[in-house]
Amino acid sequence: MEAGGLDNLGNLYQEVILDHSRRPRNFRTMEGASRQAEGYNPLCGDRVTIYVKMEGDVVKDASFQGSGCAISTSLASILTESMKGKTRAEAEALFETFHDLVTGERKADAPALGKLAVFSGVSEFPARVKCATLSWHTLRAALQEGDKADGTGVVSTE
Ligand code: ZN
């Protein structure tokens, strides 16, 4: 884990990201997860497994395991927090908004982003975009590919 490259993210945002990378929320395996998927970012070495418990079309609970850089870990922490109570369609819409944010297509002005807005500074570091989207891609794989018989999907964002 290294904090290099975070210096320009802005103090408040940097603080939130460091807090979540040091004390990740929802950092646990999940008993009886309805869906799970693994993701790997070879550029940085980030690895993540996302667990989701669905109730109908709504995310009832989300958690993750893995190891990665500060951005990757804090994103997984904030993302799993943000997903609770969201439908699959809402999660998908939020991903589009977030993707626009970290690729510089939009400013952090969408209320739906909530705490995820702290990653707006990533747009200035194109090499780190995959760190900030790894858990997203993995979550989407879990939500979409999770319909397979074994309930697991494996994804690489390479
Ligand atoms: Zn990373």
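Since the model is a prediction, treat every value here as computed from it, not as a measurement.
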Between [atom1] of [X] and [atom2] of [Y], what distance do you get to the nearest 0.5 Å?
{"X": "Ile78", "Y": "Asp19", "atom1": "CD1", "atom2": "CG", "value": "8.5 Å"}
{"X": "Ser120", "Y": "Arg106", "atom1": "OG", "atom2": "CZ", "value": "12.0 Å"}
{"X": "Glu38", "Y": "Gln65", "atom1": "CD", "atom2": "CD", "value": "11.5 Å"}
{"X": "Arg22", "Y": "Ser74", "atom1": "CZ", "atom2": "OG", "value": "11.0 Å"}
{"X": "Leu116", "Y": "Ser82", "atom1": "CG", "atom2": "OG", "value": "4.0 Å"}

inquiry  = Who clusters with Met30? Use side-chain heavy atoms, under 4.5 angstrom, across I, L, V, M, F, W and Y, and order the result by chain and number.
reply    =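 Listed partners: Tyr51.
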
ask   = Do the side chain of Arg88 and the main chain of Leu143 share a donor and acceptor less than 3.5 angstrom apart?
value = yes

ask   = Does Arg23 reach the main-chain N or O of Ser21 with its side chain, forming a donor-acceptor pair under 3.5 Å?
value =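 Not confirmed, Arg23 side chain does not pair with Ser21 backbone.
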
Salt bridge (charged side-chain N to carboxylate O under 4.0 Å, His left out) partners of [X], counting only residues at least two apart:
{"X": "Asp100", "value": "none"}
{"X": "Glu96", "value": "none"}
{"X": "Glu92", "value": "Arg140"}

Measure the shortest side-chain to side-chain distance between [X] and [Y] over non-hydrogen atoms and say whether it is less than 4.5 angstrom.
{"X": "Leu75", "Y": "Thr133", "value": "no"}
{"X": "Gln14", "Y": "Leu18", "value": "yes"}
{"X": "Val52", "Y": "Ser34", "value": "no"}

key: Worked verdict on Ile50 versus Ser135 for side chain to side chain contact (heavy atoms under 4.5 Å, CB included)   = CA-CA 7 Å; Ile50 300 270; Ser135 286; 4.0 Å; yes

ask   = Which residues pass the side-chain hydrogen bond (donor to acceptor under 3.5 Å, both in side chains) test with Ser77, sequence neighbours left out?
value = His20

Closest heavy-atom contact between [X] and [Y]?
{"X": "Leu101", "Y": "Phe119", "answer": "CD2-C, 4.3 Å"}
{"X": "Pro24", "Y": "Thr73", "answer": "CG-CG2, 3.9 Å"}
{"X": "Ala110", "Y": "Thr97", "answer": "CB-CG2, 3.7 Å"}
{"X": "Ala141", "Y": "Ala37", "answer": "CB-CB, 4.1 Å"}

Once side-chain contact (heavy atoms from CB on, under 4.5 Å) is applied, do any residues pair with [X], and if so which ones, sequence neighbours excluded?
{"X": "Glu90", "value": "Lys86, Thr87"}
{"X": "Ala62", "value": "Val59, Thr80, Met83"}
{"X": "Ala112", "value": "Leu94"}

For residues 42-49, run the donor-acceptor check on the side chains, cut-off 3.5 Å, and write out each pair with its distance to 0.1 Å, sequence neighbours left out.
residue	atom	partner	partner atom	Å
Asp46	OD1	Cys69	N	2.9
Asp46	OD2	Asn41	ND2	3.1

task = May I have all residue pairs that pass salt bridge (Lys or Arg N to Asp or Glu O under 4.0 Å) and include part of residues 58-71, sequence neighbours excluded?
result =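 Output for this query lists Arg28-Asp61, Glu55-Lys60, Asp61-Lys84.
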
message = Going by ring-ring contact (aromatic ring centres under 6.0 Å, His included), name the pairs with one or both residues in residues 62-96, residues two or more places apart or in two chains.
response = Phe27-Phe64, Phe95-His99, Phe95-Trp136, Phe95-His137

key: Hydrophobic cluster membership, Val58 vs Met54, 4.5 Å side-chain cutoff   = no

